[in-house]
Amino acid sequence: MEKIDIILKNAVVKAIKQLYNSEVPISQISVQKTRKEFEGDFTIVVFPFLRFSKKSPDLTAEETGKFLKENIEEVYDFNVIKGFLNLSLTHQYWQKFFRNINSNKNYGFKTQNENTKKIVIEYSSPNTNKPLHLGHIRNNLLGWSVSKIIEAGGDKAVKVNLVNDRGIHICKSMLAWKYLAEGKTPKEVGMKGDHFVGDYYVAFDKEYKKQIAELVKNGMNEDEAKNEAQWMKEARIMLKEWEQGKEEVRSLWKTMNNWVYKGFEETYKKLGIGFDKIYYESETYLKGKEVILKALKDGALRQKEGGTVFIDLTKEGLDEKVLLRSDGTALYMTQDIGTAIIRYEDFKFDESAYVVGNEQDYHFKVLKIVLEKLGYDWAKNISHISYGMVELPHGKMKSREGTVVDADDLIEEMIQTAKAKSEELGKLDGFSEEEKNEIFRKIALGALKYFILKVDAKKNMTFNPEESIDFNGNTGPFIQYTYVRIQSMLTKAEEQGINELNDFENIKKFEEPEISLLNKFYDFEEVITEAGEKRNPSIIANYVYDLAKEYNRFYHELPVLKEEDFNFKKFRLSLSEKTGLIIKNALDLLGIEVPERM
RNA sequence: GCCCUCGUAGUUCAACGGAUAGAACAAUAGUUUCCUAAACUGUAAAUACAGGUUCGAUUCCUGUCGGGGGUACCA
């Protein structure tokens, strides 16, 4: 079935040709949904046609409308308001449309075909020196959701995680543990491994600060003190030893990282996300070094007197970028170059996307250029899905100031809130503890995920830990509730012996809320496409909220199960069922589950 | 200094260059003999400022003011 906005656009081209003997480019025709307060389904803006018609906006709209009404069978009527041509479609059209999408359980989703692209999506990418916080949650939810949306658009998404398991920051935790822990393990103290290791990272920082202060007091300037502090010197030695493969260092490193991985796995599981492949920087950074050293030998890169290898990007409007430290150890960029190359060898992707915060916009710009300059043709297919920071009302999260919102804590709090709220409403009496906990979990995560994903990924967002995330209004639970209500009604219908909903006969006239719902159904396909192109889950989130809102209005204004006319009843049940299905499918794209009762 | 971003109701978020700038929370007034009131219906409330381009600007351009980020031999 051809999409109606395409039909309308082509019809407008014909109209302008016939009425004004002019060719209007299809790109200049804007077909949009008619705003609620006006009569009609679709609206055409006629201002761009005035130069052809040489007539007033109203008259142009009037003439175009008349042509469409007479020549396009789907157009039932039209009205003109201030140069906007509002078109109403026939109930036959809407009926045909509904029957059409009803026969398709996956309406809105595309399947893979010969044009399917393979898109590798890197997301999460944690450091193994501290537990995950709210910023990582945003990253994880975005990565997961974008992957889902890409698949819904008919492409293949390969989800990869790049664990930053080596580097100076890890050495800091290791060093502090060595000095302070007296050999204790997370198990012994009953802590999640990532939190345990994170505590030593903080401990390092505390001691390091103390050492800097001491040196400054003795007359050293601050920059120098940062370099000369004892623990920092030792951490650097440790990094060097690690790269040289010193057994003792490697062994401690392995042990501590494994503690962290166990903790991460738990958090990922709670968030309901996962990966197709996990990369470790410790396994890829050598590739980066190798490539850079080779390029140096071939004369593609240069070296400073201290031995630092760098690339000059000043011609590109950027700066000089160091690719290898003077002591030969690798940097973030070194490693990312190696990882990118290995990833291409592994997947031969059509696109390699990185879900990373916008503070690294520069890094990815440089990464792409460096790889291109090193002669990797596929580097042009690298993209950065850049997202904004999660800020607190008083600014950034800072671990030193103890203002970091911990991921595990937040999830747990959400579950407790969901539980309290649910028990207050008392709708789950008669369920087993296990069933109830499952429902609390779905609601809690629904609230959290929706709260984060409804905001345009590109933008910074504010999270106020003082105010708990809402469960009313524009929220995940509101949408879940709408779904649950529908299921409850469908169950009752079934009990009444109504099984086949879609065999309703022709509906002569629709009520306004019914048309509005059908209009919303119509949008779903395009919403998925747009969300995929823009790599932006918030488009899905806003859509599914609108749909749920629209349904609730329908639900309040029109009887469904209580409708006496059996044909209308089946039709409305069918509308309800479809709404439920779209809600479920759309929420799934956001990684949000639906409960059957709440 | 240079570069990149963002400034929309009290608050958190929406708005392919299109109509009277939408929601939600908070405030306030209502709706349960009615399919789950985690719902629905009202009221009040906003485009930082000054120019420009346009039939039309929250959206594009310039400037001012204000926030955030980057410009590391950190990640």
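All of these numbers come straight from a predicted model, not from anything done at the bench. Naming convention: chains lettered A, B, ... in sequence-line order (proteins, then strands); numbering from 1 in each chain.
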Pick out the pairs of N or O atoms, protein on one side and nucleotides 14-18 of chain B on the other, that lie under 3.5 Å.
residue	atom	partner	partner atom	Å
B:A14	OP1	A:D456	N	2.6
B:A14	OP2	A:K459	NZ	3.4
B:C16	N4	A:S30	OG	2.3
B:C16	N4	A:Q32	NE2	3.4

Residue pair A:S516, A:E512: steps toward the side chain to side chain donor-acceptor pair (under 3.5 Å) verdict | CA-CA 6 Å; A:S516 293; A:E512 188 275 323; 2.7 Å; yes
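- A cation-pi arrangement, defined by a distance under 6.0 Å to the six-membered ring centre and an angle within 45 degrees of its axis, is present between A:R166 and A:Y285.
- Residue A:L50 contributes atom CG, which lies 12 Å from atom P of B:G56 at whole-angstrom precision.
- Listed by chain and residue number, nothing satisfies the side-chain hydrogen bond (donor to acceptor under 3.5 Å, both in side chains) test with A:D58 (two or more places apart in sequence, or in another chain).
- At a cut-off of 3.5 angstrom, the base of B:A37 holds no donor-acceptor pair with the side chain of A:N552.
- The residue A:K304 sits apart from the nucleic acid: no heavy atom pair falls under 4.0 Å.
- Rounded to whole Å, atom C1' of B:U36 lies 10 Å from atom CG of A:L425.
- Across all strands shown, A:Y362 has heavy atoms under 4.0 Å from sugar-phosphate atoms exclusively, and none from any base.
- Across all strands, A:K458 comes closer than 4.0 Å to no nucleic acid atom at all (heavy-atom distances).
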Side-chain donor/acceptor pairs under 3.5 Å, residues 309-317 of chain A, sequence neighbours excluded:
residue	atom	partner	partner atom	Å
A:D312	OD1	A:T314	N	3.0
A:D312	OD1	A:T314	OG1	2.6
A:D312	OD2	A:T314	OG1	3.4
A:E316	OE2	A:K373	NZ	3.2

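- Residue A:F38 is classed as a base contact, given a heavy-atom separation below 4.0 Å to a base.
- Partners of A:S538 under the side-chain contact (heavy atoms from CB on, under 4.5 Å) rule, at least two apart in sequence or in another chain, are A:D456, A:N536, A:N542.
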Polar atoms only, N or O, under 3.5 Å: list the protein pairs with nucleotides 33-35 of chain B and their distances.
residue	atom	partner	partner atom	Å
B:C34	O3'	A:K562	NZ	3.0
B:C34	O2'	A:K562	NZ	3.3
B:C35	O3'	A:K492	NZ	3.1
B:C35	O2	A:L561	N	2.8
B:C35	N3	A:V560	N	3.1
B:C35	N4	A:Y555	O	2.4
B:C35	N4	A:L558	O	2.7

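- Note on A:R597: a base of the nucleic acid sits closer than 4.0 angstrom, heavy atoms only.
- The nearest whole Å value for the distance from the NZ atom in A:K449 to the C1' atom in B:C13 is 21 Å.
- Applying the side-chain contact (heavy atoms from CB on, under 4.5 Å) criterion to A:Q360, with sequence neighbours excluded, gives A:Y332, A:V356, A:H363, A:F364.
- One finds no side-chain N or O of A:K365 lying less than 4.0 angstrom from the OP1 or OP2 phosphate oxygen of B:G70.
- Within a heavy-atom distance below 4.0 Å of RNA chain B, the residues of residues 167-175 of chain A found are A:I168, A:H169.
- Among the protein residues, A:M598 comes within range of the nucleic acid bases, having at least one heavy atom under 4.0 Å from a base atom.
- Under the side-chain hydrogen bond (donor to acceptor under 3.5 Å, both in side chains) criterion, A:E62 pairs with no residue at all, not counting sequence neighbours.
- A cation-pi arrangement is absent between A:K549 and A:F554, since the terminal nitrogen or guanidinium carbon is not both under 6.0 Å from the aromatic centre and inside a 45° cone about the axis.
- Rounded to an integer number of Å, the gap from A:I469 CD1 to B:C13 P is 12 Å.
- Among the protein residues, A:E467 comes within range of no part of the nucleic acid, since none of its heavy atoms lies under 4.0 Å from any strand.
- When only modelled atom types and interatomic distance are considered, A:D165 and A:S282 share a side-chain donor-acceptor pair under 3.5 Å.
- Mapping A:N358 and A:T43 onto RNA chain B via the closest heavy atom, the residue that lands nearer the 5' end is A:T43.
- The CD-P distance, from A:Q480 to B:A39, rounds to 12 Å in whole Å.
- Using a 4.0 Å cut-off on heavy atoms, the residues of residues 321-336 of chain A that approach RNA chain B are A:V322, A:R325, A:S326, A:L331, A:Y332, listed by number.
- Ring pair A:F478/A:Y545 is tilted by interplanar angle, where 30° to 60° counts as tilted.
- Nucleic acid contact class of A:N472 (heavy atoms, under 4.0 Å, all strands): sugar-phosphate only.
- The aromatic rings of A:F204 and A:W231 sit tilted, their planes meeting at an angle between 30° and 60°.
- Separating the CD atom of A:E391 from the P atom of B:G66 is a distance of 18 Å, rounded to the nearest angstrom.
- In this structure, CG of A:D319 is placed 13 Å from C1' of B:C4, rounded to the nearest angstrom.
- Residue pairs meeting the side chain to side chain donor-acceptor pair (under 3.5 Å) criterion with at least one partner in residues 130-139 of chain A, sequence neighbours excluded, are A:N139-A:Y387.
- When the P atom of B:U12 is taken as reference, atom CD of A:E466 falls 14 Å away, rounded to whole Å.
- Judged purely by distance below 3.5 Å, without hydrogens or angles, the side chains of A:T339 and A:Q335 pair a donor atom with an acceptor atom.
- Residue contacts shown for A:T482 are absent, as no nucleic acid heavy atom lies under 4.0 Å away.
- Shown are A:E577, A:E511, A:E514; of these, the side chain to side chain donor-acceptor pair (under 3.5 Å) with A:R572 is made only by A:E514.
- The side-chain contact (heavy atoms from CB on, under 4.5 Å) check on A:L331 picks up A:V322, A:R325, A:T334, with sequence neighbours excluded.
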Pairs under 3.5 Å (Watson-Crick or G-U), crossing ones as [ ], inter-strand ones as |: RNA chain B comes out as (((((((..((((....[...)))).(((((.......)))))....(((((..]....))))))))))))....
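- Across every non-hydrogen atom of A:L453 and A:S145, the tightest pair is CD1-CB, 4.2 Å.
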